[in-house]
Amino acid sequence: MIASFAKEPTIVAYAFVPTGKTEGWIESETTDKLRAFGNVSIVADHDAKACQQFDVATSGHLLVYNDAKLSFSGGITPSRGHEGNCDSGLAFLRSVNGVSTRRIEWPVFGCAIVERSEGA
């Protein structure tokens with residue numbers, strides 16, 4: 001998907017670190033794949049503080065900001081484990097490329113990080 005970007009985006013990936021775990025807990029195949037992009041900052045999110053700040057409760061939730069305005073919020077797959085093109089993935093790319101700057105929200109199919117009652 002990175003080849004579909006009009007320009008290289010700034011990517012910040014927050015990786016949840018539960019209470020009592022060290023930052024090494026986030027190391028996985030997923031963080032390895034993210035680092036392979038070469039332009040990704042991975043930030044350890046201790047106790048889901050960033051999740052709460054950005055109102056994100058599920059893994060795989062993506063946020064796109066254009067000119068400091070949220071233009072995409074949600075997942076890029078229509079179901080858990082889906083691979084290939086889909087409407088939400090295309091909307092994500094359009095948002096990153098600045099083609100669509102209005103906010104578009106999509107469902108997220110991932111694992112719960114925090115309960116909505118915890119502030120996210």
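The structure presented is a predicted model; accordingly, all values stated were derived computationally and were not measured.
Counting only heavy atoms from C-beta outward, the side chains of L70 and V64 never approach each other to under 4.5 Å. For the pair V40 and R35, the minimum side-chain heavy-atom distance is 4.5 Å or more. Looking at T31 and K33, their side chains never come closer than 4.5 Å, going by heavy atoms from C-beta outward. The shortest distance between side-chain heavy atoms of S88 and T77 does not fall below 4.5 Å. Counting heavy atoms from C-beta on, the side chains of T58 and I113 never come closer than 4.5 Å. Within the 4.5 Å cutoff, the side chain of H46 has heavy atoms near those of the E23 side chain. Within the 4.5 Å cutoff, the side chain of D47 has no heavy atoms near those of the V17 side chain.
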Side chain to side chain contact (heavy atoms under 4.5 Å, CB included) between S95 and N66, intermediate numbers included: CA-CA 8 Å; S95 182; N66 286 305; 3.7 Å; yes

Begin from the C-alpha positions of T10 and N39 and carry the test side chain to side chain contact (heavy atoms under 4.5 Å, CB included) through to its verdict. CA-CA 7 Å; T10 300; N39 62 328; over 6 Å; no

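Atom-to-atom distance recorded for F72:CZ and H61:NE2 is 8.0 Å, nearest 0.5 angstrom. Between the SG atom in C51 and the CZ atom in F16 there is a gap of 7.0 Å [rounded to 0.5 Å]. Rounded to the nearest 0.5 angstrom, I104 CD1 and R94 CZ are separated by 7.5 Å. One distance of note links CD of E105 with CG of L63; it measures 10.0 Å at 0.5 Å rounding. Atoms CD1 and CH2, on I76 and W106 in that order, are 12.0 Å from each other to the nearest 0.5 Å.
Note on Y65 and V43: same hydrophobic cluster, where clusters join Ile, Leu, Val, Met, Phe, Trp and Tyr whose side-chain heavy atoms are under 4.5 Å apart, directly or indirectly. I42 and W25 fall within a single hydrophobic cluster, where Ile, Leu, Val, Met, Phe, Trp and Tyr side chains are chained together by heavy-atom contacts under 4.5 Å. A continuous path of Ile, Leu, Val, Met, Phe, Trp and Tyr side chains, each step under 4.5 Å between heavy atoms, connects I26 with I11, placing both in one hydrophobic cluster.
S59 places a side-chain N or O within 3.5 Å of a backbone atom of C111 that can act as its donor or acceptor partner. Under the 3.5 Å distance criterion, the side-chain polar atoms of D45 are left unmatched by any main-chain donor or acceptor of A15.
The 12-atom threshold is not exceeded at CG of D67, counting heavy atoms of other residues, nucleotides or ligands nearer than 6.0 Å.
The two residues V96 and P9 have their closest heavy-atom pair at CG1-CB, 4.0 Å.
If you look at F54 and Y14, their ring centroids are closer than 6.0 Å.
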